[in-house]
Structure formats: structure tokens, C-alpha cells
Amino acid sequence: MIEIGAQAHLSHPRDRVWRALTDPHLLARWFTETGTVTQTAGGLLLHTAGLPGFTAAVDAQVTERREPELLVLRCQEGDRRTLLTCTITPTAEGCQLTVRETTEPGTWSTEDRDRRERYYQQALTGRLPAILDWLAFQQVDLRRAVGRPTAQLPVIAPADDTRAATRRRVALIAAAAVAALAAGAAVWALLPGTPEHTAGPDPLLAPPGAATPTSRPPRATPGSRSTRGAEPTTARPSRTRTATPPPTRTGATPATAAVTARYETTATRIFGYTGEVALDNAGATTARNWTVVLTLSDGGRVSRATGADWRQDGRSVTFTGAPVPAGRSRTFTFDVRDPDPRAKAPESCTVGDDPCAGL
């Protein structure tokens with residue numbers, strides 16, 4: 001028995017992922033690429049002939065269904081019969097979708113198996129998140145299009161004998177509002193004007209002892225000497241000896257780690273993308289304290305990262321992680337959700353003070 005497996009971490013609720021798995025129209029958009037899925041009496045007919053790892057269309061019959069966590073299909077593809085299991089597990093950020101396919105009986109060639117597994121992984125991490133983002137947007141947009149308010153209050157027309165009273169109340173309210181505005185304008189006119197701010201350094205930012213444009217010399221008191229004609233005092237040089245650095249020893253200096261970074265967008269969605277950063281240490285020592293800083297577009301948020309620790313402050317995201325040995329490389333990936341469908345990469349990427357290649 002040969003098993004094929006793929007999984008994806010999705011920032012969407014399970015019920016939305018379940019709909020993308022079971023709705024033939026949505027399934028056709030993200031899984032078959034041909035856009036064709038036919039619903040049959042007992043299941044679905046997936047037109048997968050010609051796709052990587054597939055040799056014919058797949059007739060899928062549902063054998064177990066537990067919404068929204070488990071879907072099991074028995075698939076017939078030509079002479080090959082397989083069992084396809086889809087499991088949806090909740091996570092803190094959404095859910096994890098795991099797909100496993102086993103032959104019963106039958107086999108794949110090594111090449112077909114690898115191509116089929118890669119196709120599953122690409123569909124789950126690339127096209128499925130894009131459809132889920134699109135579906136989330138459509139759900140919000142459809143609710144707005146319907147235009148039904150959450151609660152409707154009955155409108156009761158006033159009787160003839162109450163209309164006059166209503167008009168009198170409206171007139172009184174309007175008169176009170178006009179009087180309040182007039183009183184406010186009168187008080188505003190009596191307020192002293194705000195002094196103009198003169199250009200100059202901020203006194204709060206000036207160093208201690210520094211004169212500011214608004215500072216004045218102290219006034220002489222009857223018991224004190226006049227300061228007129230007094231010579232300005234000058235600061236005397238300090239007699240304290242300053243420590244001089246020890247002489248530098250001549251000879252070979254220790255080698256430092258030289259870390260460079262390469263950025264690549266590995267998957268795109270309608271409202272986000274997946275990025276990958278590869279760190280290369282060409283130096284002679286281990287790089288222990290490397291830092292990669294990304295600048296995202298407005299509204300962009302990192303939802304998950306693998307291979308590095310991260311923190312986000314506004315548009316800036318800082319990644320740190322395990323040391324990179326000398327002459328070796330280390331890679332980390334991250335998912336970004338962005339409301340702008342045109343955003344498919346960060347605006348900038350730096351490692352230390354150097355820009356990342358490929359961006």
C-alpha cells in the first residue's frame with residue numbers, strides 16, 4: 001500500500017474550508033484547474049485527466065462524512081481504486097487541512113506518486129487559500145448587497161391631533177439649538193487669542209544649560225549685585241585624566257560571520273502570499289544573532305511563520321532564530337494576510353543593514 005499525504009495551515013474557520021471541499025463549484029476552482037466537477041448520484045466526478053500524477057477522471061463516492069471535521073471518499077481512477085481522507089483540525093489561527101490517499105489495491109509509479117503529491121500540496125497551499133479569501137470577501141459583500149437591516153422599527157404616522165404638537169416640539173428644539181450656537185460664538189469672541197509660536201528649538205529638547213530664544217537673564221534684586229558689565233564666565237577645562245584605550249595588538253583579527261539573505265514569494269493568494277527567506281553564512285564563524293526585518297504594506301499581517309521567531313510592530317516584522325553555522329544556510333517561511341490584492345511581497349527586506357536579494 002502506497003500513501004500520499006499533504007497538509008496546509010489555513011487562517012479560516014473550519015466551516016468555510018468544509019464548504020470549499022464539498023461545494024462542486026468551489027472544488028472545481030481550486031482543485032481540478034480545469035474548472036469542471038460533475039455531481040453524481042453518490043458523489044462527484046472530478047475531471048482530472050492530464051493533471052500531474054493523474055491518468056484519468058476520478059469518480060469519488062462519499063463513504064464517511066462528519067461535518068466539519070472529516071470527509072472520506074472512495075475514488076475510482078481507471079483501473080486504480082484509492083481511499084481519500086480529508087481531516088480538518090481546529091487551530092488557534094484557523095484550522096489545519098490534512099489530505100491522505102492510499103491505494104486499495106494498486107500502485108503508483110514513483111514518478112506519478114511524487115507528481116501527484118506535489119500537485120496536492122500546491123493546491124492546498126496555493127489555490128485553496130486564494131479561494132477561501134475570495135469566499136470570505138464574497139460572504140461579506142453578499143450580506144451588504146442584500147441590504148436587510150438587523151432590526152426594523154415600525155413607522156407609525158402621527159394622528160391629526162398630534163401633528164401640531166410635534167411641529168411645536170421641533171420648533172422649540174430648533175430655537176434652543178440656535179440660542180446655544182449664539183452663546184458659544186459670543187464666548188469664543190471674548191477668549192484671548194492664542195500666541196503665535198515662534199520658530200526655534202524646542203526647550204524640552206535643548207541640552208541642560210542651553211539658552212533658548214524665550215529665555216531671559218535673571219532680574220537683579222535690591223540685595224544682589226547687578227549683572228551688568230559682568231564678564232561672561234567660560235568653562236574651564238577639566239583636569240580629570242581620560243582613560244586612553246589600550247594599544248591595539250597587531251596580527252590577525254578574528255573572522256566575523258557574514259550573513260546574507262535571499263527572499264522569494266513561494267505562493268500567492270487573492271488577499272495574501274507566502275514568503276521564504278534563505279540565510280547564507282559565508283563567514284568563518286557561526287552567526288548567532290542574526291535579524292531579518294520586513295516592511296509590509298498597510299494592513300498586512302503575518303499569520304504564521306515556520307523556522308523562525310517573529311514579532312510585528314505596525315508594518316515592521318522582525319524575525320530571529322537559531323544560529324547559522326559557518327558555510328551553511330537556514331530557511332524560514334511565513335504567511336501574510338493583506339487586504340490589498342496587489343500585494344504579493346513585502347515592500348522591503350533587510351538582514352542587519354543589508355538588503356535581501358530577490359526583492
Side-chain angles (χ1 to χ4, degrees), residues 8-14 16-17 90-97 124-141 143-144 197 199 201-207 257-281 287-324 329-359:
H9 296 273
L10 305 169
S11 56
H12 290 270
R14 289 196 298 173
R16 186 174 297 150
V17 178
T91 63
E93 300 174 352
C95 65
Q96 174 180 299
L97 174 61
L124 264 62
T125 59
R127 293 189 298 275
L128 175 58
I131 289 298
L132 293 173
D133 289 344
W134 173 84
L135 182 58
F137 176 80
Q138 289 296 107
Q139 288 175 336
V140 174
D141 190 57
R143 283 197 294 268
R144 292 178 178 175
H197 177 71
D202 192 342
L204 297 179
L205 302 180
V259 180
T260 59
R262 293 173 284 112
Y263 172 81
E264 180 183 1
T265 298
T266 59
T268 59
R269 299 177 288 279
I270 296 179
F271 296 106
Y273 54 90
T274 299
E276 179 182 89
V277 174
L279 298 168
D280 301 317
N281 184 5
R288 301 185 181 278
N289 298 316
W290 57 267
T291 300
V292 173
V293 179
L294 301 180
T295 302
L296 306 181
S297 60
D298 288 335
R301 301 292 300 177
V302 172
S303 60
R304 182 181 66 93
T306 303
D309 299 325
W310 60 277
R311 68 177 186 275
Q312 182 165 355
D313 184 10
R315 298 172 56 193
S316 178
V317 187
T318 303
F319 292 88
T320 58
V324 183
S329 298
R330 183 175 297 280
T331 302
F332 66 87
T333 60
F334 56 91
D335 292 334
V336 174
R337 291 180 57 80
D338 199 304
D340 186 355
R342 297 170 298 179
K344 300 303 178 186
E347 293 185 0
S348 67
C349 170
T350 58
V351 53
D353 296 328
D354 299 325
C356 304
L359 187 64

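Heads up: numbering here begins at 1 and tracks the sequence. Quick caveat: nothing in here was measured; it's all calculated off a predicted structure.
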Practice task
Output, in order, the C-alpha distance, side-chain angles, deciding distance and verdict of side chain to side chain contact (heavy atoms under 4.5 Å, CB included) for Thr266 and Thr125.
Solution key: CA-CA 10 Å; Thr266 59; Thr125 59; over 6 Å; no

Distance in Å, [X] [atom1] paired with [Y] [atom2], rounded so as to fall on 0.5 Å steps:
X	Y	atom1	atom2	value
Cys356	Leu279	SG	CG	8.0 Å
Thr260	Asn281	OG1	CG	8.5 Å
Arg127	Leu132	CZ	CG	13.0 Å
His9	Leu97	NE2	CG	10.5 Å

Handout entry: Residues forming a salt bridge (charged side-chain N to carboxylate O under 4.0 Å, His left out) with Arg342, sequence neighbours excluded
Key = Asp340

Practice task
Sequence neighbours left out, what passes salt bridge (charged side-chain N to carboxylate O under 4.0 Å, His left out) with Arg16? Give chain and number order.
Solution key: none

Considering all heavy atoms, the nearest [X]-[Y] contact:
X	Y	value
Phe271	Pro341	CE2-CD, 4.3 Å
His12	Asp133	NE2-OD1, 2.7 Å
Arg301	Gly314	NH1-O, 3.9 Å
Pro346	Tyr263	CD-OH, 3.2 Å
Gly300	Gln312	O-NE2, 2.9 Å
Ala8	Leu124	CB-O, 3.5 Å

Problem - Donor-acceptor side-chain pairing of Asp338 and Ser297 below 3.5 angstrom - result: yes

Problem - Any donor-acceptor N or O pair under 3.5 Å, side chains Arg269, Thr274 - result: yes

Problem - Thr306 side chain near Arg304 side chain, heavy-atom distance below 4.5 Å - result: yes

Practice task
Provide the full list of ring pair (Phe, Tyr, Trp, His ring centres under 6.0 Å) pairs with a residue in residues 333-359, sequence neighbours left out, each pair given once.
Solution key: Phe319-Phe334

Problem - Donor-acceptor under 3.5 Å (Trp290 side chain, Gly352 main chain) - result: no

Exercise for the section: Name all pairs fulfilling the salt bridge (charged side-chain N to carboxylate O under 4.0 Å, His left out) condition that reach into residues 346-359, sequence neighbours left out, sorted by first residue then second. Expected result: Arg315-Glu347

Exercise for the section: Kindly state each residue pair satisfying salt bridge (charged side-chain N to carboxylate O under 4.0 Å, His left out) with at least one member in residues 270-281, sequence neighbours excluded. Expected result: Arg262-Asp280

Exercise for the section: With sequence neighbours excluded, tell me which residues meet side chain to side chain contact (heavy atoms under 4.5 Å, CB included) with Pro339. Expected result: none

Exercise for the section: Have a look at Trp310 and tell me which of Val317, Thr320, Thr318 forms a side chain to side chain contact (heavy atoms under 4.5 Å, CB included) with it. Expected result: Val317

